Amino acid sequence: MASQCTAFRDSKGGLHASLEKATLEDLAGVLGRVGEEGGMTAGVAKLIFDRRCEIERIFAEHDSLIGIKPGSATVERLHVI
């Protein structure tokens, strides 16, 4: 008998059993290859995910020091600096 299940799709279309796993896959994709064999990428993505609050705080402090207001579209500015 068929049954319904919940799955989460990452940005490349891959299905994952949890939202965290889909998010980690997206983070790993953004990071690209880390290390000679690329084996570190998943670990680095997990570390970023686990320490998200601290990382966001650091970026928020950085942005406030260079004059970027929270929620503003400043991607172009960040690449210039």
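Only a predicted model underlies this, so the values are computations on that prediction, with no experimental measurement involved.
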Using side-chain contact (heavy atoms from CB on, under 4.5 Å) as the criterion, list what pairs up with Ser11, not counting sequence neighbours.
Asp26

Just jot down the side-chain contact (heavy atoms from CB on, under 4.5 Å) partners of Ile58, sequence neighbours excluded, or say none.
none

Residues Ala28 and Ala45: closest non-hydrogen pair is N-CB, 3.8 Å

Hits for side chain to side chain donor-acceptor pair (under 3.5 Å) against Arg57, two or more places apart or cross-chain, chain-then-number order -> Glu61

For Ser64, all residues meeting side chain to side chain donor-acceptor pair (under 3.5 Å), sequence neighbours excluded:
none

Any side-chain heavy atom of Asp10 sitting closer than 4.5 Å to one from Leu24?
no

Should Lys12 and Glu25 count as side-chain neighbours, where that means a heavy-atom distance under 4.5 Å?
no

Single-linkage hydrophobic cluster, 4.5 Å side-chain cutoff, Leu47 and Phe59 together
no

Leu19: which other cluster members, linking ILVMFWY side chains closer than 4.5 Å, directly or transitively?
Phe8

Assess the residue pair Leu27 and Thr41 against the criterion (side-chain contact (heavy atoms from CB on, under 4.5 Å)); give the C-alpha distance rounded to whole Å, side-chain angles, the decisive distance to 0.1 Å, and a yes or no.
CA-CA 9 Å; Leu27 277 172; Thr41 304; over 6 Å; no

Check: residues 49-56 side-chain donor-acceptor pairs under 3.5 Å, at least two apart:
| from | atom 1 | to | atom 2 | distance (Å) |
| --- | --- | --- | --- | --- |
| Asp50 | OD1 | Lys46 | NZ | 3.1 |
| Arg52 | NE | Glu56 | OE2 | 2.8 |
| Arg52 | NH2 | Glu56 | OE2 | 3.4 |

